[in-house]
Amino acid sequence: MNRTFIIGVLMLLSAPLYSETLTYTTSFAGSEYGKYHIAVLRAAIAETQDTHGEMQVRRHVLPMTQSRQVVTLLKGQGDVMWSVTSDALEQRLLPVRFPLLQGFGGYRVFVIHKNMQPFFQPTQSLAHIRNLVSVQGEDWPDFAILKDNQFKVAGSGWTNWYTTMYKSLERGMVDYFPRNIVEVHRDMEYHKNPHLVIEQNHMLVYPSYEFFFVSPARPELQKRLEEGMVRLLENGKLSELFRQNSEHRKALKLLDDSPRVIHRLHNNVLSYSLKYPNWEATPQQSLDEFRRLQQHAGL
């Protein structure tokens, strides 16, 4: 018998056996993108191994836009993605209604050219800010939310948004970029542009939650992730994962150390809001609320 064939058979026999496979999709390539989300996803699967069995978790080979991720899941070519939720998205995919970022995605500070700070004095009204030109990704829910709240918003396409929006700020083509407090420090570190700063006096706040979304063909996976997320919150592992991320720690520090004028907006793409999205601050109330959401979804 061929020696190579025998070795191949032995390798297959010694490889771990998985009853199922989970493929998650991402917007961008690279080991750092989605590091927290991937860690939570893997932890939720591991946490439910005793009740649901082993599962291999792997990344889809291609990064893609959010709309393409949705199509990929609908076609059965992927199983899980994460995204800011909306009514429209929850009608197409199965949401795991557990706010991965504790609702901080809806806390928006402004990245500006440093020469623009005089236009954002603490006394400036929301009407004044609305008349300045902001920028967002054109397929982000935040683009529609700002538009519906009467903000002037320029849109940027997916293929080059990460560079284009910041170049637009530097060149004075737009006035400010509302960026959530979890991602803003990462962006500033990535671009290292001495002309761009975080505006000091204002913050937009609106209901916005990042959920895992599951292919409609895999409702059992939705239930497994719901169970896993609850377990991770109950045993403290979720908080550990959240705090391990330096950008999350910077976001919390920004909230604690920087008093700002808060401008509350409505979210026209989501018909509900969570009363206790900040599961670190209110763990029991949050657990109760998440369980009620899960029960309601199962009716």
query: Which pairs, with at least one residue in residues 111-128 and sequence neighbours excluded, count as a salt bridge (charged side-chain N to carboxylate O under 4.0 Å, His left out)?
result: none
- prompt: What residue pairs, at least two apart or across chains, pass salt bridge (charged side-chain N to carboxylate O under 4.0 Å, His left out) with a residue in residues 37-48?
  reply: E47-K237
Donor-acceptor pair, side chain of [X] and main chain of [Y], under 3.5 angstrom:
X	Y	result
T51	T48	yes
Q150	D148	yes
E247	V182	no
E289	R292	no

task: Mind running side chain to side chain contact (heavy atoms under 4.5 Å, CB included) on D256 and K253 for me, showing each step along the way?
output: CA-CA 5 Å; D256 292 339; K253 190 174 188 302; 5.7 Å; no
query: After noting the C-alpha distance and the side-chain angles of Q200 and F120, does the key distance pass the side chain to side chain contact (heavy atoms under 4.5 Å, CB included) rule?
result: CA-CA 8 Å; Q200 302 171 8; F120 293 92; over 6 Å; no
With rounding to the nearest 0.5 Å, note down the distance linking [atom1] in [X] to [atom2] in [Y].
X	Y	atom1	atom2	value
M188	R179	CE	CZ	11.5 Å
L169	D175	CG	CG	8.5 Å
E54	T21	CD	OG1	11.5 Å
F211	L225	CZ	CG	13.0 Å
N149	N268	CG	CG	7.0 Å
S286	N278	OG	CG	7.0 Å

Salt bridge [X]-[Y], side-chain N to carboxylate O under 4.0 Å:
X	Y	value
E226	R97	no
R186	E189	no
R243	E240	no

- prompt: Taking only residues two or more places apart in sequence, or in another chain, which ones meet A43 in a side-chain contact (heavy atoms from CB on, under 4.5 Å)?
  reply: L232, L241
- prompt: Listed by chain and number, what are the side-chain contact (heavy atoms from CB on, under 4.5 Å) partners of V153, not counting sequence neighbours?
  reply: S134, Q136, F143, L146, K147, F151
R59 atom CZ, neighbour heavy-atom count above 12 within 6.0 Å: yes
message: Tell me if the NZ atom of K167 is crowded by more than 12 foreign heavy atoms within 6.0 Å.
response: no
Under a 3.5 Å cutoff, is there a donor and acceptor pairing between the side chains of [X] and [Y]?
X	Y	value
Q56	E20	no
T85	E210	no
D288	Q285	no
N193	E170	yes
Y24	D79	no

Of all heavy-atom pairs between [X] and [Y], which one has the smallest distance, and what is that distance?
X	Y	result
Q222	P95	NE2-O, 2.8 Å
P207	N267	O-ND2, 2.6 Å
G155	E138	CA-CB, 4.1 Å
L233	L238	N-CB, 4.0 Å
P219	P216	CD-O, 3.6 Å

field: By ring-ring contact (aromatic ring centres under 6.0 Å, His included) - contacts of F119 (at least two apart)
entry: none
All ring-ring contact (aromatic ring centres under 6.0 Å, His included) counterparts of H266, not counting sequence neighbours: none
Going by the rule salt bridge (Lys or Arg N to Asp or Glu O under 4.0 Å), which residues pair with [X] if we only count those two or more places apart in sequence or in a different chain?
X	value
E234	R291
E220	R218
K152	none
R68	none

message: Assess the residue pair L270 and Y209 against the criterion (side chain to side chain contact (heavy atoms under 4.5 Å, CB included)); give the C-alpha distance rounded to whole Å, side-chain angles, the decisive distance to 0.1 Å, and a yes or no.
response: CA-CA 10 Å; L270 188 65; Y209 318 111; 3.8 Å; yes
query: When the ring planes of H195 and H113 are compared, do they come out parallel, tilted or perpendicular, using 30° and 60° as the limits?
result: parallel
query: Mind checking whether W82 and F212 have parallel, tilted or perpendicular rings, split at 30° and 60°?
result: perpendicular
Decide whether [X] and [Y] are clustered together by the hydrophobic rule: side chain heavy atoms of Ile, Leu, Val, Met, Phe, Trp, Tyr closer than 4.5 Å, transitively.
X	Y	value
F28	M81	yes
L221	L94	yes
V174	I145	no

- request: Just jot down the side-chain hydrogen bond (donor to acceptor under 3.5 Å, both in side chains) partners of D87, sequence neighbours excluded, or say none.
  value: S271
Would you give me the side-chain donor-acceptor pairs under 3.5 Å for residues 102-112, sequence neighbours excluded?
from: Q102; atom 1: OE1; to: W279; atom 2: N; distance (Å): 3.2
from: Q102; atom 1: OE1; to: E280; atom 2: N; distance (Å): 2.9
from: Q102; atom 1: NE2; to: E280; atom 2: OE1; distance (Å): 3.2
from: R108; atom 1: NE; to: G105; atom 2: O; distance (Å): 3.0
from: R108; atom 1: NE; to: Y206; atom 2: OH; distance (Å): 3.3
from: R108; atom 1: NH1; to: P178; atom 2: O; distance (Å): 3.3
from: R108; atom 1: NH2; to: G105; atom 2: O; distance (Å): 3.2
from: R108; atom 1: NH2; to: D142; atom 2: OD1; distance (Å): 3.0
from: R108; atom 1: NH2; to: D142; atom 2: OD2; distance (Å): 3.3

Test log, rule salt bridge (Lys or Arg N to Asp or Glu O under 4.0 Å), inputs E227 and R231: CA-CA 6 Å; E227 180 182 333; R231 289 192 189 186; 2.6 Å; yes
